[in-house]
Asker: 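Got a structure here, written out as structure tokens. Questions coming.
What you see is a predicted model, and the numbers here were worked out from it, not measured in a lab. Every chain is numbered from 1 and lettered A, B, ... according to where its sequence line falls, protein lines coming before strand lines.
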Amino acid sequence: MAWVLFIALAVVTLGGGLAVVATRNVVHAALALLVSLVAVAGVYLLVYAEFLALVQVLIYGGAIVIVLVFAIMLTRSAEYPRTSDNRQWPLAAVAALGLLAVLVPAFLINAVQDTEAKNAAFTGIAQSLFTTWAVPFEIASLVLLVALIGAIIIARSGPGEN
Amino acid sequence: MNAHDLYVVSPYLAMAGAAALVIILDLFLPVSGRGGRGRGLLPYAAFLLLAGPFVLSLIQFYDLGDAANLVRGGDAGSDGAEASILLGSLSVDRFALFFNFLVTGAAALVVLASTEYVRLMPRFQGEYFGLLLFSATGMMLLAAATELITIYVALELTTLPLAALGAFLLNGRSSEAGIKFLIIGAISSALMLYGMALVFGFTGSTQLSDISSAVARAGGGGAFGNYALLVGLVLLVAGFGFKISAAPFQMWVPDVYEGAPTPVVAFLSVASKAAGFAVLLRVMFTGFFDVSLDWAVLMAALAAASMTIGNVVAIAQSNIRRLFGYSTIAHAGYLLVGVAAGVGTAQSGPETPVFASIGPDSVLFYLGAYTAANLTAFFAIAAIGQRVGGDRISDYAGLVTRSPGLAIILALALIALIGVPPTGIFIAKLYVFTAAVDSGLAWLAIVGVVNSAVSAYYYVRIIRVMFLGQPPAIYQDGGARSARSAAPWAAMGLAAAALVFMGVAPGFVMGAAGAAVRALGV
């Protein structure tokens with residue numbers, strides 16, 4: 001049963017990914033990305049990582065795709081052809097397939113270490129976030145602060161604006 | 001979290017606190033008159049605030065004593081207290097403290113040197129220094145991080161502010177520098193994260209000590225038995241390669257060096273590189289030493305490629321910043337020679353790697369000397385750029401008649417970068433190449449020496465232009481000539497003094513480097 005679901009989700013994920021690359025319309029590509037990302041959330045549910053699935057839908061499905069669509073909308077795209085096509089795609093295809101050829105054997109040759117911690121409960125995640133992972137968690141908050149400051153500087157320093 | 005934990009992380013808190021304070025202070029300083037005289041105090045405030053992380057690191061340095069690590073609950077220095085929550089994420093040892101001093105020192109000099117430069121900026125001066133110090137916080141954390149996720153977020157904290165600072169001038173070249181740094185940094189982070197995911201998947205841990213024991217279990221016989229781990233390691237090295245600007249991950253360097261504000265380039269070229277090497281040394285030697293015979297070859301190849309590409313392409317450059325961009329790629333190569341030389345071969349057989357501490361020792365010493373030399377050079381370039389109004393080497397013609405002090409200081413830095421005594425880099429190169437020969441990498445040492453000879457060509461060319469070239473009849477007005485202060489000269493003088501000091505009395509830094517490398521605990 002899990003296998004059937006996994007195959008279905010994998011097909012949707014890969015199909016979405018292919019559509020992102022293949023479609024010539026940038027907005028369509030963004031929407032195809034949404035399909036792919038939500039299907040990944042399904043894969044997370046399949047391995048009992050419901051928190052991750054939730055975050056995946058919220059952040060990737062929600063925030064990131066919406067930001068992408070906004071960016072396309074606000075960057076005067078009418079002045080430019082709205083296609084995501086360029087002459088470097090054969091090179092990109094070779095690079096992507098090459099990477100695939102290097103990475104896939106990694107999972108075929110070696111066995112993944114089975115770490116336990118299946119079905120991590122929300123409380124468990126919250127607890128470990130503030131104990132085991134306190135240091136990276138706090139550094140991440142600094143990273144967000146820096147990103148905010150940097151964005152403000154770049155966005156608000158147009159010439160002649162006060 | 002208890003009081004001791006707070007004490008252990010206090011240098012990092014002090015650095016981040018200084019960054020936030022400078023930004024807040026900017027709001028309260030009066031904008032009196034044109035040019036903002038009140039704001040002129042900001043760099044000095046930032047400089048003084050840097051005393052916080054420096055003094056706290058100094059206290060920790062003396063407090064450390066014989067203990068390996070200040071974090072409680074580890075194998076050493078454990079006195080029955082409960083394990084700290086920092087355990088596993090951070091290791092505040094002599095290695096981390098070495099980089100605390102290096103980064104704090106470099107940041108202090110860059111802040112001083114920026115006093116003249118920030119006057120050109122109409123706004124966001126507080127944010128300029130704040131971002132600089134936030135980046136320094138990331139670098140210090142990077143040197144102390146012993147766990148992959150901490151390493152990743154610390155790396156982001158290091159690079160994100162530098163991308164914003166690169167675009168700070170908001171002209172075409174500066175924006176290009178910022179966006180290139182951001183996008184290529186993001187791609188390298190993605191590669192590195194994929195590598196980390198593979199390493200986690202096949203060792204079951206993100207902590208370097210656990211990875212080390214998993215690797216020891218898996219990689220029996222010395223050969224790299226685990227293909228997935230090999231791919232993960234290569235991806236990790238690719239990610240780090242971007243940060244240390246080693247070939248073939250160097251394409252962003254010349255553009256960023258050309259477009260970003262000069263003091264930012266100075267900071268980027270030394271502190272960011274030092275932090276990159278810190279994390280490379282810690283991950284490779286603490287996490288993956290048992291398969292070191294395999295990655296030492298990789299490091300040697302990267303070293304040879306970086307040295308050759310950097311030096312050969314630098315010859316053709318006509319812009320001094322681009323030239324220094326390629327020069328820094330070449331120096332990443334010399335430094336990687338030292339990393340590769342950390343893996344010696346045992347007498348008993350070629351199958352078992354032996355830790356040759358002289359390799360990492362020489363890398364740390366080289367980083368110290370290179371920091372001093374490159375900061376001197378870039379401070380001089382910033383000052384000269386404001387006077388002659390350009391960055392082409394032809395603009396430097398006859399500089400000695402106009403600004404003899406700057407010409408002599410830049411010449412000193414250039415001579416140092418070739419590796420001529422009595423400067424620190426001479427000792428550093430000697431040290432690195434000796435380490436390479438000791439570890440059976442004589443060919444790499446020869447490549448390095450040949451490359452040093454090639455590099456002399458383009459470094460000496462600048463000196464020749466400055467001292468023998470015909471000065472132009474009419475100087476372009478570089479602007480900002482009215483506002484000169486002593487601070488950039490102080491920064492230049494201190495960096496040059498450190499450079500010469502490491503050349504004539506290398507023992508002090510060598511001793512510190514040796515103690516730092518012992519803390520890696522290979």
Asker: For residues A:T23 and A:L31, determine if any side-chain heavy atom of one lies less than 4.5 Å from a side-chain heavy atom of the other.
Answerer: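 They are not in contact (no side-chain heavy atoms under 4.5 Å apart), so the answer is no.
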Asker: So what's closer than 4.5 Å to chain A heavy atoms on B:L165: side chain, backbone, both or neither?
Answerer: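 Contact with chain A is absent: no heavy atom of B:L165 under 4.5 Å.
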Asker: I need the residue from A:T132, A:T131, A:L145 with the largest number of non-hydrogen atom pairs under 4.5 Å to chain B.
Answerer: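 Between A:T132, A:T131, A:L145, the count favours A:T131.
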Asker: At a 4.5 Å cut-off on heavy atoms, which part of B:S174 comes close to chain A: side chain, backbone, both, or neither?
Answerer: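 B:S174 has no heavy atom closer than 4.5 Å to chain A.
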Asker: Go through the atoms of B:F168 and report whether side chain, backbone, both or neither lie under 4.5 Å from a heavy atom of chain A.
Answerer: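 Only the side chain of B:F168 comes within 4.5 Å of chain A.
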Asker: Does B:V153 reach the side chain of B:L157, with side-chain heavy atoms less than 4.5 Å apart?
Answerer: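 Result no, sub-4.5 Å side-chain heavy-atom pair not found.
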Asker: Does any backbone or side-chain atom of B:I151 lie under 4.5 Å from a heavy atom of chain A? Answer side chain, backbone, both or neither.
Answerer: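 Looking at B:I151, nothing touches chain A.
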Asker: Would a distance-only check, ignoring hydrogens and angles, find a side-chain to backbone donor-acceptor pair under 3.5 Å from B:T137 to B:L133?
Answerer: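 Pair found, side chain donor or acceptor close to backbone of B:L133.
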Asker: Identify which part of A:I149 has an atom lying under 4.5 Å from any heavy atom of chain B, answering side chain, backbone, both or neither.
Answerer: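 Side chain only.
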Asker: For the candidates B:I23, B:L235, B:T150, B:T158, which exhibits the highest count of non-hydrogen atom pairs separated by less than 4.5 Å from chain A?
Answerer: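 Counting heavy-atom pairs under 4.5 Å, the top option is B:T150.
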Asker: Could you go through the side chain to side chain contact (heavy atoms under 4.5 Å, CB included) check for B:F134 and B:L160 one step at a time?
Answerer: CA-CA 9 Å; B:F134 273 128; B:L160 259 183; over 6 Å; no
Asker: For A:L144, is it the side chain, the backbone, both or neither that has a heavy atom under 4.5 Å from a heavy atom of chain B?
Answerer: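 Neither; nothing under 4.5 Å.
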Asker: Using only heavy-atom distances, determine whether the side chains of B:Q207 and B:T146 contain a donor-acceptor pair under 3.5 Å.
Answerer: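 Side-chain D/A pair, B:Q207 to B:T146: absent.
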Asker: Run B:S135 and B:F267 through side chain to side chain contact (heavy atoms under 4.5 Å, CB included) and show every step you take.
Answerer: CA-CA 10 Å; B:S135 182; B:F267 192 60; 4.0 Å; yes
Asker: Please name the pair of heavy atoms, one in B:A143 and one in B:R282, separated by the smallest distance, quoted to 0.1 Å.
Answerer: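 Taking B:A143 first and B:R282 second, the nearest heavy atoms are O-NH2, 2.7 Å.
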Asker: B:Y194 versus chain A, heavy atoms under 4.5 Å apart: side chain, backbone, both or neither?
Answerer: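 For B:Y194, the side chain is the part near chain A, not the backbone.
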